[in-house]
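Structure record follows, encoded as structure tokens.
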Amino acid sequence: MKPAAIWYFESVNLYKVLCPVKLKETEGTHTFINFMKDDYVYFEDQKADTIFFVAKGRVKIFYRNEQNKEVVKSILSTGEIFGELALAEEGKRSDFAQVMDNDTIICAWGLEDIKQLMLNDQEFSLSITKLVGLRLLKLERKFELLAFKDTRTRVVEFLKDAAEWKGRKVGDEIVIMTPLTHRDIAKLVGLSRQSVSSTFNELKKENLIYFDRRRILIRDLAKLI
């Protein structure tokens, strides 16, 4: 299957690379912070001097357009990194990071500590490089879909990407465990919640997928069009 560049499912689990062994080895150079739902980890224009890892829960990364409408860039969960543009000398944040779940735990690393880790740990450095490359492809992919694709195609492509990165094959079917609601998916693909729900129900009636609150089952990926 040809890899797809996506806007939600990040394939690089850097928390797994660092924890639990390496975090113990570098105790004192990072901080675990507890957040509640709707808390902000950082704001637009805030100084970018920290890299964050999701230890537990979910974080939404978004910006506001000229009409002050929220545009969601990604929704990240356990093991994923954000704020990494600080490594590219971003200076100030260009987006917002907001917590989506109660009892979310974020691991915060100072920029200089991360740079030192990259110098000392080849696996970590390669993972960071891969992550940045994937996110560049992700942005290109999202632009293509939002600019040129209709409602059904956006949803179907989202499902195919989800199957590529997070799917588990069970016979001829693929199971995707996901905490995303239809509202979350709608924000990611630039549609209304009603449009996403309607498309999911159409695909279910055609016996192409099955879904509930915790998972999506793709009956036959080749037939999903």
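Basis for what follows: all heavy atoms, side chains included, without hydrogens, waters or symmetry-related copies.
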Can we say Asp95 and Lys73 salt-bridge, meaning some charged N sits less than 4.0 Å from an Asp/Glu carboxylate O? yes
Ile51 versus Ala86, closest heavy-atom pair with distance: CD1-CB, 3.8 Å
Can you tell me how far apart CD (Glu84) and OG1 (Thr50) are? Round to the nearest 0.5 Å. 13.0 Å
If you look at every heavy atom in Ala97 and Val59, which pair is closest and at what distance? CB-CG1, 4.1 Å
Can you list the residues that meet the side chain to side chain donor-acceptor pair (under 3.5 Å) rule with Asp220, with sequence neighbours excluded? none
Note, Tyr42 side chain near Phe52 side chain (heavy atom, < 4.5 Å): yes
Do we see a donor-acceptor contact under 3.5 Å between the side chains of Asp150 and Thr153? yes
Looking at Arg152 and Glu206, does any basic side-chain N land under 4.0 Å from a carboxylate oxygen? yes
Within 6.0 Å of CG in Asp172, more than 12 heavy atoms from elsewhere: no
Which residues pass the salt bridge (Lys or Arg N to Asp or Glu O under 4.0 Å) test with Lys60, sequence neighbours left out? Glu70
Are Leu85 and Ile75 grouped together when hydrophobic residues (ILVMFWY) are joined by side-chain heavy atoms under 4.5 angstrom apart? no
Among pairs that include at least one residue of residues 40-52, which meet salt bridge (charged side-chain N to carboxylate O under 4.0 Å, His left out), considering only residues two or more places apart or in two chains? none
Closest contact, heavy atoms only, Arg219 versus Ile209: CG-N, 4.0 Å
In terms of heavy-atom contacts, does CG of Leu119 have more than 12 from other residues, nucleotides or ligands at under 6.0 Å? yes
Suppose we screen for side chain to side chain donor-acceptor pair (under 3.5 Å). Which residues come up paired with Thr181, at least two apart in sequence or across chains? Asp184
Just so I know, are the side chains of Thr104 and Asp101 near enough to count as touching, which here means a heavy-atom distance under 4.5 Å? yes
Rounded to the nearest 0.5 Å, how far apart are CG of Leu159 and CG of Leu221? 9.5 Å
According to a 4.5 Å side-chain heavy-atom criterion applied to Ile, Leu, Val, Met, Phe, Trp and Tyr, with indirect links allowed, do Val170 and Tyr210 form part of one hydrophobic cluster? yes
Has Lys92 got more than 12 heavy atoms of other residues, nucleotides or ligands less than 6.0 Å from its NZ? no
State which residue, out of Phe32, Phe82, Phe53, fulfils the side-chain contact (heavy atoms from CB on, under 4.5 Å) condition with Ile106. Phe82
Between Leu180 and Arg58, is any pair of side-chain heavy atoms under 4.5 Å apart? yes
I'd like to check Leu111 versus Leu87 (side-chain heavy atoms, cut-off strictly below 4.5 Å). Are they in contact? yes
Tell me if the NZ atom of Lys204 is crowded by more than 12 foreign heavy atoms within 6.0 Å. yes
Nearest atoms (heavy-atom pairs only) where Lys69 meets Asn65: N-OD1, 2.8 Å
Closest approach of Asp38 to Gln98 (non-hydrogen atoms, all atoms of both residues): O-NE2, 3.1 Å
Hey, does Ile61 have a side-chain heavy atom less than 4.5 Å from the side chain of Leu76? yes
Between Ser125 (side chain only) and Asp121 (backbone N and O only), is there a donor and an acceptor less than 3.5 Å apart? no
Roughly how far, to the nearest 0.5 Å, is the CZ atom of Arg213 from the NE2 atom of His182? 11.0 Å
More than 12 heavy atoms of other residues, nucleotides or ligands under 6.0 Å from CZ of Arg64: is that the case? yes
Any residue meeting side chain to side chain donor-acceptor pair (under 3.5 Å) with Ser195, in chain and number order, not counting sequence neighbours: Ser192
Enclosure of Tyr40 OH (heavy-atom neighbours >12, cutoff 6.0 Å): yes
Met36-Phe43 co-clustered via ILVMFWY side chain contacts under 4.5 Å: no
Are the side chains of Ile185 and Phe200 in touch, meaning some heavy atoms are under 4.5 Å apart? yes
Which residues satisfy the side chain to side chain donor-acceptor pair (under 3.5 Å) test with Gln46, sequence neighbours excluded? none
Working to the nearest 0.5 angstrom, can you tell me the gap between Arg193 CZ and Leu191 CG? 12.5 Å
With clusters defined by side-chain heavy atoms of hydrophobic residues (ILVMFWY) lying less than 4.5 Å apart, directly or transitively, does Val156 cluster with Ile176? yes
For the pair Glu90 and Arg93, find out whether any cationic side-chain nitrogen is under 4.0 Å from an anionic carboxylate oxygen. yes
Aromatic ring pairing Phe96/Phe62, orientation class (parallel under 30°, perpendicular over 60°, tilted between): parallel
Within this structure, what is the NZ-CG distance for the pair Lys37 and Asp103, rounded to the nearest 0.5 Å? 12.5 Å
Shortest non-hydrogen contact between Ile218 and Ala163, atoms and distance: CD1-CB, 3.8 Å
